[in-house]
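One structure is given below, encoded as structure tokens.
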Amino acid sequence: MRDVECIVLGTGTSAGVPAIGCDCEVCCSDDPRDVRTRTSAALRFTDREGASRVVLIDTSPDLRQQSLREGLTRCDAIVFTHHHVDHVFGLDEVRRFNAVMKAPIDLYAEERTLENIHRVYPHIFQAEKNINPSFVATLQPHRIDCFQPFVVHGLRITPLRLLHGRLPILGYRFDAEDPVESGEDSPFPMAWCTDVSSIPPETWPHLRGLRTLFLDLLRHRSHPTHFTRNEAVHAASNIGAERTWFIHMAHEILHARDDADLPPGMALAWDGLRC
């Protein structure tokens, strides 16, 4: 594995930033880092056979816009954190990747998420029932279990248990199957932990030794299902990654002001960040 990069497709909360009908300081900001599409990411790399690969983390409702912006032309696999609208409602867009690649796309999620995706997208998963022939995505679903690693084109992926309020969801740890091949500039070992309000004890060992951490930071005020700024900084300090990037930010977070107030080694991510 070589030429590894993580492309942050979106860093916003479910409403996006700017929010519709809002004239707050952040929504009216002329700083491009304060424009946040819904949170998701793409891992792009070259595999052992020299083939280009892209693995998506979630499919936000802004996936089409994000893919065009970042020049994505393929998708080999998708890993889902959970089934909420801002993380799955871009799934229909991946049919264009099918058309370009002339190949199906592997989809990985735990049972609850798979059930909800099938419920929302019957036109994809029960295409034979469509009244008219339709241009729909071709997907190969795979059920995954917490803490049970799987490998996608040389990328070792470990699902991690996180809590989004009372809802158990997944984060992911990413490692190169052969660490020697990933290179000094690789973001691996890397963890993606969005929509987090607490980290269960059994997950902490899997967050050790990270080079890169992406972690939920919604706003300064308390929220029942997301880390606040102080909670996120505290968790990141305990995890101790070489570099922490905060994601899933609401319109209370002003990039220039709040990024400058973070401890060394921690920063606010932005749409289009590559690392």
If we count only N and O atoms by modelled type, under 3.5 Å, do the side chains of T59 and E93 hold a donor and an acceptor together? no
So does A15 get a backbone contact from the side chain of T13, meaning a donor-acceptor N/O pair under 3.5 Å? no
Hydrophobic clustering (ILVMFWY, side-chain heavy atoms < 4.5 Å, transitive) - are F89 and I117 grouped together? yes
Just say parallel, tilted or perpendicular for the rings of H118 and F125, cut-offs at 30° and 60°. parallel
Aromatic ring proximity H123/Y121, centre distance under 6.0 Å: yes
Does the side chain of R211 come within less than 4.5 Å of F188's, by heavy atoms? no
Regarding D195 and H248, do their side chains bring together a donor and an acceptor under 3.5 Å, going by distance alone? yes
For residues F147 and H206, establish whether the separation of their ring centroids is below 6.0 Å. yes
With a 4.0 Å cut-off, would you call E70 and R274 a salt bridge? yes
Thinking salt bridges, do R44 and D3 make one under a 4.0 Å N-O criterion? no
Less than 4.5 Å apart, side chain to side chain, heavy atoms only: is that true for I199 and I239? yes
Take D271 and T37 through the test side chain to side chain donor-acceptor pair (under 3.5 Å) and record every step on the way to the result. CA-CA 7 Å; D271 289 24; T37 57; 2.7 Å; yes
Is there a donor-acceptor contact under 3.5 Å from the side chain of R161 to the main chain of I169? yes
Should the ring pair H82 and H164 be called parallel, tilted or perpendicular, given that the plane angle runs from 0 to 90° and is split at 30 and 60? perpendicular
Ring centres of Y172 and W192 under 6.0 Å apart? no
Y108 ring center within less than 6.0 Å of F150 ring center: yes
Please step through salt bridge (Lys or Arg N to Asp or Glu O under 4.0 Å) for the pair E252 and R229, ending with a clear verdict. CA-CA 11 Å; E252 289 94 335; R229 182 268 184 201; over 6 Å; no
Using a strict threshold of under 4.0 Å (side-chain N to carboxylate O), is an ion pair present between R257 and D259? no
Please tell me if the side chains of T39 and V8 come closer than 4.5 Å, counting only heavy atoms from C-beta onward. no
Taking the side chain as C-beta and beyond, is there a heavy-atom pair between I78 and V55 under 4.5 Å? no
With a 4.5 Å heavy-atom cut-off, do L63 and S40 have their side chains touching? no
Assess, by modelled atom type and distance only, whether the side chains of D86 and S14 contain a donor and an acceptor separated by less than 3.5 Å. no
Does a sphere of radius 6.0 Å around CD1 in I20 hold more than 12 heavy atoms from other residues, nucleotides or ligands, not counting ones at 6.0 Å or beyond? no
When every non-hydrogen atom of A19 is compared with those of H251, the smallest separation belongs to CB-ND1, 4.3 Å
Does the side chain of N116 pick up a donor-acceptor pair with the side chain of R119 at under 3.5 Å? yes
Please report the C-alpha distance between H234 and N230 in whole Å, then the side-chain angles of each, then the deciding distance to 0.1 Å, and finally whether the side chain to side chain donor-acceptor pair (under 3.5 Å) criterion is met. CA-CA 6 Å; H234 179 71; N230 289 343; over 6 Å; no
Closest heavy-atom pair and its distance - D34, I253: OD1-O, 3.9 Å
Is a salt bridge present between D62 and R64, judged by a nitrogen-to-oxygen distance below 4.0 Å? no
For residues L163 and P200, determine if any side-chain heavy atom of one lies less than 4.5 Å from a side-chain heavy atom of the other. yes
Under 4.5 Å between any side-chain heavy atoms of T158 and R156, yes or no? yes
Looking at side-chain heavy atoms only, is the closest gap between V79 and D58 below 4.5 Å? no
Assess, by modelled atom type and distance only, whether the side chains of T228 and H226 contain a donor and an acceptor separated by less than 3.5 Å. no
Polar side chain donor-acceptor pair, E242 to T212, under 3.5 angstrom: no
